[in-house]
S.K.: 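Please find one structure pasted underneath; my questions will follow.
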Amino acid sequence: MLDIKLLRENLEAVKERLATRGAKIDWESFVALDRERRESLARLERLKEKKNLLSGGIGKLKKSGGDATALMREVEEVARAIREGEPPLAEVERRFDEFMLTVPNLPHESVPLGAGPEDNPEVRRWGEIPRFDFKPKPHWEIGEELGILDFARAGKIAGARFVVYHKEGALLERALANFMLATHTRENGYAEVFPPSIVNTASLTGTSQLPKFAADLFKLEGTDYWLSPTAEVQVTNLFRGETLDPDRLPLKLCAWTANFRSEAGSYGKDTRGIIRLHQFQKVELVKFVRPEQSYEEIESLTRDAESILQKLGLPYRVVALCTGDLGFGAAKTYDIEVWLPGQNAYKEISSCSNFEAFQARRAGIRYRSPGRTRSDFVHTLNGSGLAVGRTLVAVLENYQQKDGTVIVPEALRPYMGGLEKIA
RNA sequence: GGAGAGAUGGCCGAGUGGUCGAAGGCGCACGCCUGCUAAGCGUGUGUACCCCUUAAAAGGGUACCGAGGGUUCGAAUCCCUCUCUCUCCGCCA
């Protein structure tokens with residue numbers, strides 16, 4: 001959610017910046033709604049003041065034994081006016097809130113202008129793309145031949161876009177998660193949390209998946225429960241409605257969770273393999289920081305995610321999302337794309353974003369800076385560190401051998417009981 | 001799933017219809033006093049929003065005693081619904 005005052009005072013600048021996202025927003029109705037809301041609110045508050053004053057008078061009068069019938073009749077009139085004024089105000093406020101919740105974040109000034117993914121500039125590249133003296137296979141072939149990825153049986157127990165990991169596949173998934181958590185907690189300074197996978201509407205609204213993107217989520221019928229699409233939701237909402245002690249900032253958390261996405265609208269995209277599933281595991285990094293630090297913190301967050309790929313020896317590049325490709329709540333985003341020989345392409349494996357105060361304002365996450373009377377909103381950031389399934393894909397495809405076996409990256413071996421090769 | 005108890009300010013804790021944003025204590029901040037420390041004394045100490053201004057503040061107002069609704073001229077106090085916490089029983093990992 002954007003700062004209402006910013007909208008009122010700098011509407012033209014906001015319009016211009018949001019236009020770079022390609023967002024279509026009905027500004028006329030915003031201006032009208034805002035005016036109507038404030039006028040109506042001020043009028044009702046004046047009436048309430050009058051009512052309170054008169055009611056207090058009744059109390060005093062009764063105590064001193066006087067007759068309050070006339071006063072009471074007068075208050076009744078005021079009370080009626082208030083009752084009549086309330087429903088229209090509530091309606092205006094509902095529409096106003098709805099509007100505010102569907103306006104995307106402002107891109108940061110450092111975000112490159114562009115219309116879509118093709119305009120995302122590459123920021124840096126790391127690692128050598130491996131050369132093969134044979135035709136590298138896609139991970140689903142490697143995995144099925146080794147008997148560690150099982151799509152057929154996953155289809156039986158759940159449906160399309162699910163997988164069952166067998167034997168070393170299951171071990172690899174678990175080892176990768178362990179390795180990532182160990183790195184982030186021991187070396188990168190994150191504290192681990194393990195939250196529920198089910199979340200409520202308020203949480204999803206706080207991090208801005210709702211109200212706009214309900215179609216991407218799984219809802220549990222007859223309840224206010226949803227399957228969380230990313231630990232960003234749980235971990236950011238840990239502190240919803242709280243004022244954080246400034247000494248705790250920057251607060252850095254990481255979490256390993258299962259994530260659920262309906263993948264509505266992505267039929268025909270990445271249909272094979274485990275790139276795009278309804279359930280996948282991910283280690284997420286989340287930060288709560290002072291506003292003045294958030295642009296340093298997105299850099300270090302991205303580096304923390306990159307450190308996993310470097311330790312695993314997986315080549316990747318970092319791209320900066322342009323204005324047209326930026327997610328709804330993000331002010332700035334770096335995507336990390338890992339090299340996948342089976343697809344001969346870089347594929348997103350992490351998305352690191354600074355939301356500035358956009359989520360904090362929705363979720364009411366504040367901090368009090370010393371010497372200031374009012375509290376301020378923190379800035380929130382998050383990024384995958386990393387998507388475990390896609391990392392597993394990268395390992396299989398980059399470390400595959402001519403004979404169909406897969407070498408286990410050295411950094412991972414301690415987490416796999418010393419296993420050197422999946423055969 | 002069954003039975004019961006509870007939810008008040010940073011914390012503890014009073015408050016069963018009127019001047020209660022809320023006693024008292026603790027904590028915290030500032031000041032005074034005391035040749036250190038401790039004690040003592042005084043003052044202050046929630047948040048959001050609206051109005052008025054604004055560089056900011058001050059000032060005025062509204063709302064908030066778990067959440068939502070209701071009764072009443074008037075609700076922390078009465079009624080209804082929900083959520084959460086605790087205790088006991090059952091069940092499960």
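Model, not experiment: these values are computed from the prediction.
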S.K.: Has the side chain of A:Glu45 got a donor or acceptor that lies under 3.5 Å from a partner of the other kind on the base of B:G61?
M.R.: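 Present.
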
S.K.: I want to confirm an ordering. Mapping A:Ala79 and A:Gly56 to their closest nucleotides on RNA chain B, which one lands closer to the 5' end?
M.R.: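 Result: A:Gly56.
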
S.K.: Expressed as a whole number of Å, how far does the P atom of B:U81 sit from that of B:A5?
M.R.: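 Each nucleotide's P atom is 15 Å from the other's.
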
S.K.: Is a donor from one side chain sitting under 3.5 angstrom from an acceptor on the other, for A:Glu232 and A:Gln234?
M.R.: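 Per modelled atom types, A:Glu232 and A:Gln234 side chains form no pair under 3.5 Å.
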
S.K.: Can you measure A:Arg73 atom CZ to B:G74 atom C1' for me and round it to whole angstrom units?
M.R.: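 Going from CZ in A:Arg73 over to C1' in B:G74 covers 17 Å.
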
S.K.: Considering only atom C1', compute the distance from B:C73 to B:U83 and round it to an integer number of Å.
M.R.: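 It works out to 32 Å between them.
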
S.K.: Could you give the CD1-to-P distance, from A:Ile82 to B:C73, as a whole number of Å?
M.R.: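 For the pair A:Ile82 CD1 and B:C73 P, the rounded distance is 13 Å.
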
S.K.: May I have the distance from A:Leu244 (atom CG) to B:G10 (atom P), rounded to whole angstrom?
M.R.: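 Roughly 14 Å, once rounded to whole Å.
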
S.K.: What integer number of Å spans the P atoms of B:C82 and B:G2?
M.R.: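 Approximately 12 Å lies between the P atom of B:C82 and that of B:G2.
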
S.K.: Taking atom P in both B:U47 and B:U53, what distance in whole Å separates the two?
M.R.: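 Pairwise P distance, B:U47 against B:U53, rounds to 25 Å.
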
S.K.: Taking 4.0 Å as the cut-off, does a side-chain nitrogen or oxygen of A:Asn52 come that near to OP1 or OP2 on B:U62?
M.R.: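 The answer is yes; a side-chain N or O of A:Asn52 sits under 4.0 Å from OP1 or OP2.
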
S.K.: Mind checking if A:Arg366 touches a base, just sugar-phosphate, or nothing, with heavy atoms under 4.0 Å?
M.R.: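 Touches sugar-phosphate only.
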
S.K.: Using Watson-Crick or G-U wobble geometry with both distances below 3.5 Å, tell me the partner of B:C26, or none.
M.R.: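 B:C26 is paired with B:G10.
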
S.K.: Quantified in whole Å, what is the C1' atom distance between nucleotide B:C84 and nucleotide B:G68?
M.R.: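 My reading of the C1' atoms in B:C84 and B:G68 gives 14 Å.
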
S.K.: So which nucleotide does B:A75 pair with, by the Watson-Crick or G-U wobble rule with both distances under 3.5 Å?
M.R.: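 The answer is none; no pair meets the criterion.
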
S.K.: Quick check: on RNA chain B, is the nucleotide nearest A:Lys60 upstream (toward 5') of the one nearest A:Lys50, or the reverse? Name the residue that is more 5'.
M.R.: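 The answer here is A:Lys60.
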
S.K.: How far does the P atom of B:U37 sit from the matching atom of B:A76, given to the nearest Å?
M.R.: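 Nearest-Å result for B:U37 against B:A76 at atom P: 46 Å.
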
S.K.: What's the closest nucleotide to the side chain of A:Lys51 if the choices are B:C49, B:G74, B:U62?
M.R.: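 Ranking B:C49, B:G74, B:U62 by closest atom to the A:Lys51 side chain puts B:G74 first.
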
S.K.: Provide, to the nearest angstrom, the distance between the CD atom belonging to A:Glu74 and the C1' atom belonging to B:G74.
M.R.: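 Rounded to whole Å, this separation is 15 Å.
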
S.K.: Between atom CD in A:Glu86 and atom C1' in B:U62, what is the gap in whole Å?
M.R.: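 Answer to the nearest Å: 11 Å.
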
S.K.: Phosphate oxygens OP1/OP2 of B:C50: is one of them under 4.0 Å from a side-chain N or O of A:Arg8?
M.R.: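 Result: yes.
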
S.K.: Return the orientation label for the A:Tyr295 and A:His108 ring planes: parallel under 30°, perpendicular over 60°, tilted otherwise.
M.R.: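 Parallel: the ring planes of A:Tyr295 and A:His108 meet at under 30°.
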
S.K.: Begin with the C-alpha distance, continue with both residues' side-chain angles, and end with the deciding distance and a verdict on side chain to side chain donor-acceptor pair (under 3.5 Å) for A:Thr183 and A:Lys311.
M.R.: CA-CA 10 Å; A:Thr183 302; A:Lys311 282 169 183 283; 4.9 Å; no

S.K.: Is it true that A:Thr201 and A:Asp224 share a donor-acceptor pair across their side chains at a distance under 3.5 Å?
M.R.: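 Looking only at side-chain atoms, A:Thr201 and A:Asp224 do form a donor-acceptor pair, the distance falling under 3.5 Å.
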
S.K.: Look at the rings of A:Phe194 and A:Trp256 and say which category their plane angle falls in: under 30° parallel, 30 to 60° tilted, over 60° perpendicular.
M.R.: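 It falls in the tilted class, 30° to 60°.
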
S.K.: Using the C1' atom on both, measure B:G70 against B:A23 and round to a whole Å.
M.R.: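 Roughly 30 Å separates the two C1' atoms.
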
S.K.: Rounded off to whole Å, could you give me the CZ-to-P distance for the A:Arg38 and B:C51 pair?
M.R.: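 Nearest whole value for this atom pair: 5 Å.
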
S.K.: Tell me which nucleotide, if any, is Watson-Crick or G-U wobble paired with B:C32 when both distances must be under 3.5 Å.
M.R.: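 B:G40 is the nucleotide pairing with B:C32.
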
S.K.: Separation of A:Ile58 atom CD1 from B:U19 atom P, in whole Å?
M.R.: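 Going from CD1 in A:Ile58 over to P in B:U19 covers 13 Å.
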
S.K.: Both distances under 3.5 Å, Watson-Crick or G-U wobble: report the partner of B:U47, or none.
M.R.: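 When the pairing criteria are applied, B:A63 turns out to be the nucleotide that pairs with B:U47.
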
S.K.: Starting at atom NZ of A:Lys5, determine the distance to atom P of B:C51, rounded to an integer number of angstrom.
M.R.: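 A:Lys5 atom NZ is separated from B:C51 atom P by 9 Å.
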
S.K.: P atom, B:U43 versus B:G25: distance in rounded Å?
M.R.: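 It works out to 12 Å between them.
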
S.K.: For residues A:Arg362 and A:Ser208, is any side-chain donor paired with an opposing acceptor at under 3.5 Å?
M.R.: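 No donor-acceptor contact under 3.5 Å links the two side chains.
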
S.K.: Could you check whether A:Arg35 gets within reach of a base, just the sugar-phosphate, or nothing at all, counting any heavy atom under 4.0 Å?
M.R.: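 No contact at all - A:Arg35 keeps every heavy atom at 4.0 Å or more from the nucleic acid.
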
S.K.: What's the closest nucleotide to the A:Glu49 side chain, out of B:C50, B:G61, B:G18?
M.R.: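 Of the candidates, B:G61 comes closest.
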
S.K.: Tell me which nucleotide, if any, is Watson-Crick or G-U wobble paired with B:A3 when both distances must be under 3.5 Å.
M.R.: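 Check on B:A3: paired to B:U87, both distances under 3.5 Å.
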
S.K.: Indicate yes or no: at least one non-hydrogen side-chain atom of A:Ile148 is less than 4.5 angstrom from one of A:Val406.
M.R.: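 With C-beta onward as the side chain, the pair stays apart.
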
S.K.: Is the distance from OP1 or OP2 of B:C50 to the nearest side-chain N or O of A:Arg46 less than 4.0 Å?
M.R.: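 Answer no for this pair, as no side-chain N or O of A:Arg46 is under 4.0 Å from OP1 or OP2.
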
S.K.: Taking a pair as Watson-Crick or G-U wobble with both distances under 3.5 Å, which nucleotide is matched to B:U54?
M.R.: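 Result: none.
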
